[in-house]
Amino acid sequence: MPFWGLQKQLGIDMDSFLLRQSMPQPHGLAAVCHAFEREWVECGHGLGQTRARRECQLEYEDFMECMQRTKLTQRLRLILEQRDRMIKQGKYTPPEHHTGKEEPRP
């Protein structure tokens with residue numbers, strides 16, 4: 001805990017985004033990534049910062065993936081690139097409702 005809360009005085013929120021999942025949520029429901037955050041915090045509890053970074057790397061990566069969805073985004077991008085390649089090669093034709101050419105509904 002810093003002696004002088006510079007972030008609070010300047011109104012800057014630099015690092016509290018990591019623990020937002022533990023805050024009270026609307027309607028009393030748990031946040032989406034709360035379980036991953038809890039595993040990460042429990043893993044690093046009582047360890048030093050250096051040791052916690054080394055031993056809790058998997059929990060931290062799972063938590064960050066849940067928060068930022070980087071691996072999911074990369075996977076979806078690769079799937080869309082493969083679909084576009086298959087369309088160019090003529091091996092795949094998307095359904096009409098994906099191309100915007102479906103019949104108008106009454």
Side-chain angles (χ1 to χ4, degrees):
M1 193 71 164
F3 176 71
W4 185 40
L6 184 62
Q7 288 185 22
K8 189 172 184 180
Q9 287 184 348
L10 295 176
I12 301 171
D13 188 13
M14 297 290 287
D15 54 1
S16 67
F17 77 94
L18 287 173
L19 298 176
R20 294 245 168 115
Q21 304 297 311
S22 295
M23 293 178 163
Q25 300 292 321
H27 309 293
L29 301 173
V32 176
C33 301
H34 176 71
F36 292 108
E37 178 191 23
R38 189 171 181 168
E39 287 177 10
W40 175 54
V41 171
E42 286 177 359
C43 176
H45 182 72
L47 302 176
Q49 183 178 9
T50 306
R51 187 173 161 204
R53 282 186 183 175
R54 184 175 55 244
E55 293 183 14
C56 302
Q57 185 66 31
L58 292 175
E59 287 84 356
Y60 180 72
E61 287 176 2
D62 288 342
F63 177 51
M64 284 293 112
E65 170 58 25
C66 184
M67 294 282 286
Q68 299 171 351
R69 307 279 189 210
T70 53
K71 292 178 186 175
L72 176 69
T73 305
Q74 182 182 13
R75 182 170 180 259
L76 289 175
R77 184 178 50 79
L78 290 173
I79 290 171
L80 291 174
E81 287 174 1
Q82 182 181 11
R83 184 197 66 177
D84 292 341
R85 267 188 269 125
M86 290 176 69
I87 290 173
K88 283 183 182 178
Q89 294 171 355
K91 294 181 180 179
Y92 174 74
T93 55
E96 292 183 6
H97 60 278
H98 284 202
T99 58
K101 298 178 182 176
E102 67 180 47
E103 298 177 14
R105 296 183 181 177

Which side-chain N or O atoms in residues 78-95 pair as donor and acceptor under 3.5 Å with protein atoms at least two apart or in another chain?
from	atom 1	to	atom 2	distance (Å)
Glu81	OE2	Arg77	NH1	3.1

Output a table of donor-acceptor pairs, distance under 3.5 Å, between side-chain atoms of residues 44-52 and any protein atom two or more places apart or on a different chain; print 'none' if there are none.
from	atom 1	to	atom 2	distance (Å)
Arg51	NE	Glu55	OE2	2.8

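For residues 77-106, no residue pair satisfies the disulfide bond (SG atoms under 2.5 Å apart) rule, not counting sequence neighbours. Counting only residues at least two apart or on different chains, no salt bridge (charged side-chain N to carboxylate O under 4.0 Å, His left out) pair has a member in residues 61-72. Sorted by first and then second residue, the disulfide bond (SG atoms under 2.5 Å apart) pairs with a member in residues 74-106 form an empty list; sequence neighbours excluded. Note on residues 56-106: pairs passing disulfide bond (SG atoms under 2.5 Å apart), not counting sequence neighbours, are Cys33-Cys66, Cys43-Cys56. Pairs of residues two or more places apart, or lying in two chains, never qualify as disulfide bond (SG atoms under 2.5 Å apart) while including a residue from residues 74-106.
Note: Trp40 and Tyr60 have tilted aromatic rings, judged against thresholds of 30 and 60 degrees for the angle between ring planes.
Residues satisfying the side chain to side chain donor-acceptor pair (under 3.5 Å) criterion with Glu39, sequence neighbours excluded, are absent altogether. With sequence neighbours excluded, the residues that form a salt bridge (Lys or Arg N to Asp or Glu O under 4.0 Å) with Glu42 are Arg38.
Grouping Ile, Leu, Val, Met, Phe, Trp and Tyr residues whose side-chain heavy atoms lie under 4.5 Å apart, directly or via other members, places Leu72 in a hydrophobic cluster with Leu76.
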